[in-house]
Amino acid sequence: MSSISSNLNVNEAYLREQFTNCSDVVFRTFTLEDETILLLVYLDGMVRTQGVEENILKPLLFNGLPHGMDRIQSLTEMFRREWIPLSSVKTDDCQEDLIQHILQGSLAIMVNGEASAIIAQVQEYEKRSIQEPKKESTLRGAKEGFVENLRTNTSLIRRRIVHQQLKMESYTIGKYTQTEVVLTYMKGIADEKVLTEVREKLGKIELDGVIDSSYIEEWLENNSYSMFPQIMNTERPDIVTASLLEGKIALITNGTPFALVLPITFWSGLQSADDYFERFVFVICMRMIRYLMAFIAFSLPAIYVALSTFHSEMVPVNLMLGIATARESSPFPTVIEMLLMMVIFDGLQEAGVHLPTQLGPIISIIGALIIGQAAVEAGIISTPIIIVISLTGVAAYTIPKYSSTLPFRIIRYLLMLISSLLGFVGFTFGIIFLLINLVMLESFGTPYMSPVAPFDSKRIKDMIIRYPFWMKNGRDKKGRQ
């Protein structure tokens with residue numbers, strides 16, 4: 001670490017050398033009435049220039065020095081007397097830190113003869129306003145979602161938890177991006193072992209840049225090769241708030257509207273924010289339907305292939321005759337038909353996600369009319385396959401978290417292929433292998449299938465079904481235990 005020189009020319013030469021070919025770095029020199037020379041350095045576009053002019057330049061150049069002060073004795077004196085009318089001001093005497101402050105959007109003020117600089121927090125840059133989350137919309141909940149600005153996101157949580165036990169620890173990650181990541185938790189509620197583990201992992205991350213929260217997500221996960229996410233991402237402040245009160249930990253990354261929540265379980269991906277805003281009886285029914293749909297989402301193609309190929313005697317005769325009639329013109333085996341349609345469906349889904357909004361309806365028309373109807377009329381695909389794939393797609397869309405549907409898409413292929421070889425025997429082996437994998441998986445020490453395996457009667461009140469809020473703590477409506 002090098003110290004700032006007391007010679008202003010030396011300091012300016014050093015900064016100009018460091019910021020060579022940086023046209024957005026502004027150097028402004030001013031000479032006051034008493035011949036005091038000031039140097040202001042800041043990044044154009046990241047500093048509130050109106051605030052700089054009104055709070056620093058005008059008082060110095062046009063209004064004269066404050067009464068009782070003949071000339072600037074020292075920056076420390078200016079800082080102590082609160083001569084700079086800004087809410088956040090500090091001094092720094094390290095050259096490397098000075099460069100870092102300027103790059104982060106602060107204003108640096110240096111005076112000839114002083115071996116330190118005043119750092120004024122005057123950042124201002126364009127940012128998106130708070131809007132309703134697009135991927136996690138609710139019928140009744142708050143319409144606020146995270147944005148790309150870190151401090152806006154932390155304030156959305158602070159407004160909901162008005163307590164000093166809400167802690168926010170700051171980390172800087174990324175060699176070049178210097179991205180700020182905030183570790184958020186409730187002291188006394190969050191598990192200290194998990195906190196220690198997360199702190200250690202954050203300290204060991206070695207990345208050139210952090211563009212999105214997903215960059216650090218893969219560094220934190222214990223089982224990186226697993227298909228199932230062990231960290232949940234959300235753009236809803238109310239979900240993060242509820243998670244913190246449950247003892248979980250959140251990570252908020254500057255520049256991304258998604259916060260990371262950990263640890264999670266398998267059931268976390270099947271829960272919606274609306275589950276806590278509607279009547280519990282309705283929510284219990286909806287959760288049961290959602291679990292059934294989740295099973296259909298990864299198993300229906302495999303069950304159809306197994307039934308039609310190996311176990312046709314389990315299908316009613318009339319239904320089996322109808323399926324056989326529909327498949328008369330198809331030149332491919334059932335498994336090839338199914339595989340073909342699954343690939344086309346996933347391809348359409350990917351195209352729909354990445355295409356601009358204006359082109360989205362075109363994909364719907366292509367999928368519904370051209371590929372579906374035309375393929376059936378041409379005898380390439382049979383009608384039952386279209387029905388199975390459509391039901392599978394609808395079932396997958398009932399899962400609230402998009403990241404939780406991704407493992408199901410892969411499992412769907414694996415189960416179908418093994419079922420096409422061994423029928424229900426292969427399907428059963430596939431399900432058993434999947435369950436073993438899920439039971440062995442952990443998310444920061446929490447069993448992934450808890451509270452089912454291992455069984456926890458207290459936590460099951462919220463994970464599998466949703467008890468009324470007044471029953472969760474073991475109390476009745478009158479507050480009695």
Side-chain angles (χ1 to χ4, degrees), residues 226-229 269-270 290-312 315 319-320 322-324 326-355 360 362-431 433-434 437-438:
S226 174
M227 291 185 291
F228 292 91
L270 302 179
R290 205 177 294 149
Y291 297 152
L292 175 63
M293 289 291 122
F295 179 75
I296 290 174
F298 68 84
S299 65
L300 187 58
I303 292 174
Y304 177 82
V305 170
L307 281 174
S308 60
T309 309
F310 292 93
H311 312 285
S312 56
V315 183
L319 179 59
M320 199 62 223
I323 293 173
R327 292 201 66 255
E328 273 183 349
S329 59
S330 175
F332 303 113
T334 305
V335 62
I336 299 297
E337 275 189 73
M338 188 67 75
L339 188 62
L340 189 61
M341 277 307 296
M342 286 168 63
V343 171
I344 292 173
F345 180 79
D346 283 335
L348 284 172
Q349 195 169 237
E350 282 301 302
V353 169
H354 299 297
L355 273 178
I362 297 176
I363 292 298
S364 302
I365 295 170
I366 293 173
L369 297 180
I370 300 176
I371 294 179
Q373 186 177 346
V376 172
E377 290 177 355
I380 301 172
I381 303 293
S382 59
T383 308
I385 299 289
I386 300 287
I387 296 172
V388 169
I389 292 298
S390 301
L391 284 175
T392 304
V394 171
Y397 290 138
T398 61
I399 300 172
K401 302 285 188 303
Y402 175 74
S403 58
S404 297
T405 66
L406 300 180
F408 292 164
R409 288 166 69 174
I410 300 174
I411 293 168
R412 190 186 302 158
Y413 284 94
L414 298 176
L415 275 181
M416 190 203 63
L417 291 175
I418 194 172
S419 298
S420 68
L421 297 174
L422 301 173
F424 273 137
V425 175
F427 180 79
T428 305
F429 274 117
I431 294 294
F433 180 79
L434 175 64
N437 179 261
L438 287 172

A side-chain contact here means heavy atoms from C-beta on lying under 4.5 Å apart; do [X] and [Y] qualify?
X      : Y      : result
Phe345 : Arg409 : no
Val343 : Tyr413 : yes
Pro407 : Ser226 : no

Review item, side-chain donor-acceptor pairs of residues 383-395, under 3.5 Å, at least two apart:
| residue | atom | partner | partner atom | Å |
| --- | --- | --- | --- | --- |
| Ser390 | OG | Ile386 | O | 2.7 |
| Thr392 | OG1 | Val388 | O | 2.7 |

Name all residues meeting the side-chain contact (heavy atoms from CB on, under 4.5 Å) criterion together with Asn437; count only those two or more places apart in sequence or in a different chain, and write none if there are none.
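Asn437 satisfies side-chain contact (heavy atoms from CB on, under 4.5 Å) with Phe228 only.
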Taking all non-hydrogen atoms of both residues, which atom of Ala396 and which atom of Arg412 are closest, and how far apart?
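Looking at all heavy atoms of both residues, the shortest contact is CB-NH2, 4.1 Å.
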Output the distance between atom [atom1] ([X]) and atom [atom2] ([Y]), rounded to the nearest 0.5 Å.
X      : Y      : atom1 : atom2 : result
Met293 : Phe408 : CE    : CZ    : 13.0 Å
Met341 : Asp346 : CE    : CG    : 10.5 Å
Thr405 : Leu270 : OG1   : CG    : 10.5 Å
Met338 : Met416 : CE    : CE    : 7.0 Å
Ile418 : Phe429 : CD1   : CZ    : 8.5 Å

Worked check of side chain to side chain contact (heavy atoms under 4.5 Å, CB included) between Ile431 and Phe298
CA-CA 10 Å; Ile431 294 294; Phe298 68 84; 3.8 Å; yes
Output all residues satisfying side chain to side chain donor-acceptor pair (under 3.5 Å) with Tyr291, sequence neighbours left out; order by chain, then residue number.
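Partners of Tyr291 under the side chain to side chain donor-acceptor pair (under 3.5 Å) test: none.
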Sequence-distant partners of Ser382, side chain to side chain donor-acceptor pair (under 3.5 Å), two or more places apart:
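Per chain and number, Ser382 pairs via side chain to side chain donor-acceptor pair (under 3.5 Å) with Glu337.
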Per-pair distances, 0.1 Å, donor-acceptor, side chain in residues 419-428, under 3.5 Å, sequence neighbours excluded:
| residue | atom | partner | partner atom | Å |
| --- | --- | --- | --- | --- |
| Ser419 | OG | Leu415 | O | 2.7 |
| Ser420 | OG | Leu417 | O | 2.5 |
| Thr428 | OG1 | Phe424 | O | 2.7 |

Throw together a table of side-chain donor-acceptor distances under 3.5 angstrom for residues 302-309, partners on residues two or more places apart or in other chains.
| residue | atom | partner | partner atom | Å |
| --- | --- | --- | --- | --- |
| Ser308 | OG | Tyr304 | O | 2.8 |
| Ser308 | OG | Val305 | O | 3.4 |
| Thr309 | OG1 | Val305 | O | 2.7 |

